[in-house]
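A short worksheet on the structure shown next.
Worth saying up front: this structure is predicted, and the values here are computed from it rather than measured. So you know, we letter chains A, B, ... as the sequences are listed, proteins then strands, and number each from 1. Just so you know, these numbers use all the heavy atoms, side chains as well, and skip hydrogens, waters and symmetry mates.
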2 protein chains.
Amino acid sequence: MATIYDVARLAGVSPATVSRVFNGTTVTPENERVVRDAAARLEFVPNRTARTLRRRNSDIIALVIPDIENPYFTALARGVEDEARAAGYSVVLCNTDGDVTRESDYLEVAVSEHMAGVIIAAASDQSDLSPLLSRQKAVVAVDRVPHGAAIDAVTIDNAVGAELATRLLVERGYERIACIAGPDDVETSVARISGWRDALSRAGLRADHDLLEHADYRVEGGSAAMARLLGRTDPPDAVFVANNLMSVGALRVLRDAGIHPPEIGVASFGALPFSTSAPTGVSMVSLPARELGASAARMLLARIRGDRQAPRTLVLEATAID
Amino acid sequence: MATIYDVARLAGVSPATVSRVFNGTTVTPENERVVRDAAARLEFVPNRTARTLRRRNSDIIALVIPDIENPYFTALARGVEDEARAAGYSVVLCNTDGDVTRESDYLEVAVSEHMAGVIIAAASDQSDLSPLLSRQKAVVAVDRVPHGAAIDAVTIDNAVGAELATRLLVERGYERIACIAGPDDVETSVARISGWRDALSRAGLRADHDLLEHADYRVEGGSAAMARLLGRTDPPDAVFVANNLMSVGALRVLRDAGIHPPEIGVASFGALPFSTSAPTGVSMVSLPARELGASAARMLLARIRGDRQAPRTLVLEATAID
DNA sequence: CTGAAAGCGCTTACAG
DNA sequence: CTGAAAGCGCTTACAG
């Protein structure tokens with residue numbers, strides 16, 4: 001692969017001048033021309049590794065997400081990409097599969113590759129961002145903020161959204177409203193449970209402990225939890241499901257059992273992805289996933305550009321679709 | 001950030017010894033211990049940028065896909081990740097959004113970051129892989145192979161799968177079977193159209209030119225194409241839809257028009273993602289997305305390890321779900 | 001097994 | 001505006 005030295009020799013200038021051409025600094029038009037010609041002739045591509053080593057930072061942003069198969073996170077990724085690319089950054093996605101070990105591997109990659117910044121939807125409340133923070137890397141939490149992390153964040157108002165969703169069930173007259181929650185080490189799940197509880201207590205309904213099922217924020221978890229609820233001696237008459245994928249799983253179990261909403265009430269936190277049937281009897285709150293990503297990217301870009309304000313949290317709202 | 005020199009000083013050894021500890025070469029147990037202690041004390045993280053510059057290759061694999069919002073590609077990504085990670089590589093995802101300019105930006109990043117290899121589902125038949133090939137970068141095409149590229153590839157038998165899907169409609173007795181195809185500059189779309197034609201001609205049915213609609217492999221494209229078909233003076237009695245997302249779009253339009261399969265026949269190339277209703281009257285062929293990714297990763301890893309065989313193409317089969 | 005030293009390909013402060 | 005030179009943080013052939 002051609003280097004700056006090869007280009008310099010062919011163009012009859014110094015390597016410094018070649019470098020300047022590719023970095024937009026002061027060069028005479030004539031030199032600019034000969035350098036670009038030589039570079040084209042040699043198919044020269046600047047070695048970013050060398051540049052990053054020298055400059056101590058690259059123009060790549062890492063987006064770390066827990067589940068690449070969840071359309072919510074891919075929509076969020078699109079939001080990040082659109083903003084970041086407009087500002088001249090490339091974004092690479094890292095999928096942790098909800099595993100804190102994989103996650104810290106990727107954080108180490110981001111640090112040791114001197115990436116410009118990191119946007120992270122943490123695998124768990126216990127996720128350790130210290131490798132980033134201790135090196136003052138620009139970082140924004142999105143969707144979820146690990147416990148105690150004093151950093152920029154863009155989140156959804158999970159408690160309010162969950163209450164909203166649950167209230168839709170209350171208003172339809174359901175009285176034994178169960179909850180299929182996410183992993184208990186994920187912040188968003190805890191908040192959604194409390195929203196569910198609030199809606200019930202305001203309606204004078206009981207949030208019995210046995211109406212709460214924990215699952216994994218995935219399709220299979222939703223199925224399993226729904227199956228457990230149906231197996232109860234005293235099953236619920238409705239269920240609030242704490243994320244989009246678990247709603248898919250729950251609805252599949254209901255379909256297979258021949259139970260069709262509104263025979264049982266279902267409210268989903270997050271719209272059903274790629275649905276093709278008007279899901280009668282299914283209430284949903286919709287999440288601004290793309291906007292979440294775009295906002296996170298804007299905050300990160302500000303930090304990369306040197307913003308030194310105290311960390312801020314932007315909270316976006318979920319909206320009801322009934 | 002601590003460097004190898006800081007660690008060496010604290011441990012009382014040379015930088016070379018520190019390097020050797022982190023690269024698994026011969027060091028005395030005693031030295032190994034003091035070095036690791038010192039490294040831990042300093043929170044030392046090896047600088048991959050420097051290592052990559054020196055070694056001229058990294059342990060990151062790039063996976064370049066055209067649509068991160070398509071569950072088919074995210075499932076494929078999971079397949080790649082599982083294999084690559086097991087072999088000690090990190091994989092980063094690059095979303096081109098079907099745009100060849102974005103794609104070539106990412107290929108340049110992969111080259112100039114000296115990534116270990118690239119797995120690519122090309123944005124178009126015109127995608128230019130020469131930046132990779134001229135530098136002998138390990139590369140495997142997946143799902144789609146750009147025109148004339150003599151490289152390793154893992155694909156689906158699109159023509160056979162499309163014929164299979166269309167035949168399901170024929171067997172159900174439909175006679176005017178339209179096709180909603182993908183972009184005409186994408187190889188897979190061309191092959192699926194020919195599969196559709198073959199099924200019709202074998203059944204003695206006409207594949208009239210006006211039964212063919214081109215769209216964009218996205219939900220919106222499927223909706224628009226279906227709407228156009230319904231608007232015809234002589235609409236089809238069935239439709240073969242060339243990918244999963246367009247099927248979602250087409251079914252939404254049918255739902256909104258109050259037309260329910262099997263009143264009109266629908267066959268989808270690729271299973272409907274996250275479906276919750278048993279889609280009565282909708283035939284599907286299912287694609288081994290994850291296996292596609294896993295196979296591509298295995299081929300890439302073999303190349304990275306120095307395999308010098310002539311390029312091979314592995315073709316996987318679609319299977320009917322009726 | 002270990003260390004001194006060269007070199008990977010850039011960028012940039014410095015001097016002119 | 002331009003060039004010579006140092007240096008970013010590693011790895012590794014070479015000598016011992």
Side-chain angles (χ1 to χ4, degrees), chain A residues 1-36 38-39 42-60 108-116 131 135-137, chain B residues 1-36 38-39 42-60 108-116 131 135-137:
Chain A
M1 279 178 50
T3 72
I4 223 175
Y5 292 92
D6 304 318
V7 176
R9 198 175 317 120
L10 184 59
V13 298
S14 76
T17 298
V18 177
S19 172
R20 288 182 183 116
V21 167
F22 285 95
N23 289 290
T25 37
T26 46
V27 218
T28 58
E30 165 63 5
N31 269 344
E32 161 119 31
R33 201 180 50 71
V34 287
V35 167
R36 292 215 181 270
L42 298 172
E43 294 187 46
F44 170 71
V45 172
N47 182 321
R48 285 172 186 246
T49 295
R51 178 196 308 195
T52 301
L53 176 60
R54 188 46 231 253
R55 286 205 179 158
R56 293 138 164 276
N57 75 71
S58 81
D59 51 7
I60 294 177
E108 191 173 311
V109 170
V111 166
S112 76
E113 294 278 352
H114 281 287
M115 291 187 184
R135 292 173 181 84
Q136 5 261 12
K137 180 118 317 220
Chain B
M1 280 179 49
T3 73
I4 223 175
Y5 291 92
D6 303 318
V7 176
R9 198 174 318 122
L10 184 59
V13 298
S14 75
T17 297
V18 177
S19 172
R20 287 181 183 117
V21 166
F22 285 96
N23 288 291
T25 38
T26 46
V27 217
T28 59
E30 165 64 5
N31 269 344
E32 160 118 31
R33 201 180 51 69
V34 287
V35 167
R36 291 213 180 272
L42 298 172
E43 294 187 49
F44 169 71
V45 172
N47 183 321
R48 284 172 187 246
T49 294
R51 179 196 307 194
T52 301
L53 176 60
R54 189 47 232 252
R55 287 202 179 159
R56 291 137 163 280
N57 76 70
S58 81
D59 51 6
I60 295 179
E108 191 172 312
V109 170
V111 166
S112 76
E113 294 278 350
H114 281 286
M115 291 188 184
R135 294 173 180 84
Q136 3 260 12
K137 181 118 317 216

Practice prompt. Using only side-chain N and O atoms of A:Arg56, determine if any of them is under 4.0 Å from OP1 or OP2 of D:dG9.
Written response: yes

Worksheet entry | Taking every non-hydrogen atom, the tightest pair across B:Arg20 and B:Thr26 | CD-O, 4.2 Å

Worksheet entry | Over all atoms of both residues, closest heavy-atom pair of A:Ala38 and A:Ala11 | CB-CB, 3.9 Å

Considering only nitrogen or oxygen atoms on both sides, find all protein atoms under 3.5 Å from nucleotides 12-16 of chain C and state each distance.
unit_1, atom_1, unit_2, atom_2, d
C:dA13, N6, A:Arg20, NH2, 3.1

Worksheet, complete the sentence: pair_partner(D:dC14), Watson-Crick or wobble, both distances < 3.5 Å, evaluates to C:dG3

Worksheet item: Atom NE2 of B:His114 and atom CZ of B:Arg51: how far apart are they, to the nearest 0.5 Å?
Response: 15.0 Å

Item to complete: Verify the contact: side-chain N or O of A:Thr28 to OP1 or OP2 of D:dT2, cut-off strictly under 4.0 Å; return yes or no.
Response: yes

Worksheet item: Whole-Å distance between D:dG9 P and B:Phe44 CZ?
Response: 10 Å

Worksheet item: Under 4.0 angstrom, heavy atoms only, what part of the nucleic acid is B:Phe22 near: base, sugar-phosphate, or nothing?
Response: nothing

Discussion item. Measure CG/B:Asn57 against C1'/C:dG9 and give the value in whole Å, please.
Written reply: 15 Å

Discussion item. So, OP1 or OP2 of C:dG3: does either fall under 4.0 Å of a side-chain N or O from B:Ser14?
Written reply: yes

Discussion item. For a quick test of reading the model: is some side-chain N or O of A:Thr26 closer than 4.0 Å to OP1 or OP2 of D:dC1?
Written reply: yes

Worksheet item: Can you name the nearest heavy-atom pair linking B:Ile4 to B:Phe44, along with the distance?
Response: N-CE1, 3.6 Å

Discussion item. Please find the pair of heavy atoms, one from B:Ile60 and one from A:Glu113, that lie closest to each other, and give the distance.
Written reply: CD1-OE2, 3.4 Å

Practice prompt. Write down the atom of A:Thr3, the atom of A:Asp6, and the distance for their closest heavy-atom approach.
Written response: N-OD2, 2.7 Å

Discussion item. Heavy-atom nearest nucleotide on DNA chain C for B:His114 versus B:Tyr5: which residue maps closer to 5'?
Written reply: B:Tyr5

Worksheet item: B:Ala50 has a side chain; which of C:dC10, D:dG3, D:dG9 sits nearest to it?
Response: D:dG9

Worksheet entry | Side-chain N,O (B:Arg51) to OP1/OP2 (D:dT11) below 4.0 Å | yes

Fill in: Closest to side chain of B:Asn47, choosing from C:dG3, D:dG3, D:dC10
D:dC10

Discussion item. Between D:dT12 and D:dG16, how far apart are the two C1' atoms, rounded to whole Å?
Written reply: 16 Å

Worksheet entry | Whole-Å distance separating the CD atom of A:Glu113 from the P atom of D:dC10 | 13 Å

Worksheet item: For DNA chain C, whose closest nucleotide is more 5', that of B:Val13 or that of A:Leu53?
Response: B:Val13

Worksheet item: Where is the tightest heavy-atom contact between B:Thr49 and B:Asn47, given as atom of each residue plus distance?
Response: N-OD1, 2.8 Å

Worksheet item: Tell me: CD1 of A:Ile4 to P of D:dA5, nearest whole Å?
Response: 17 Å

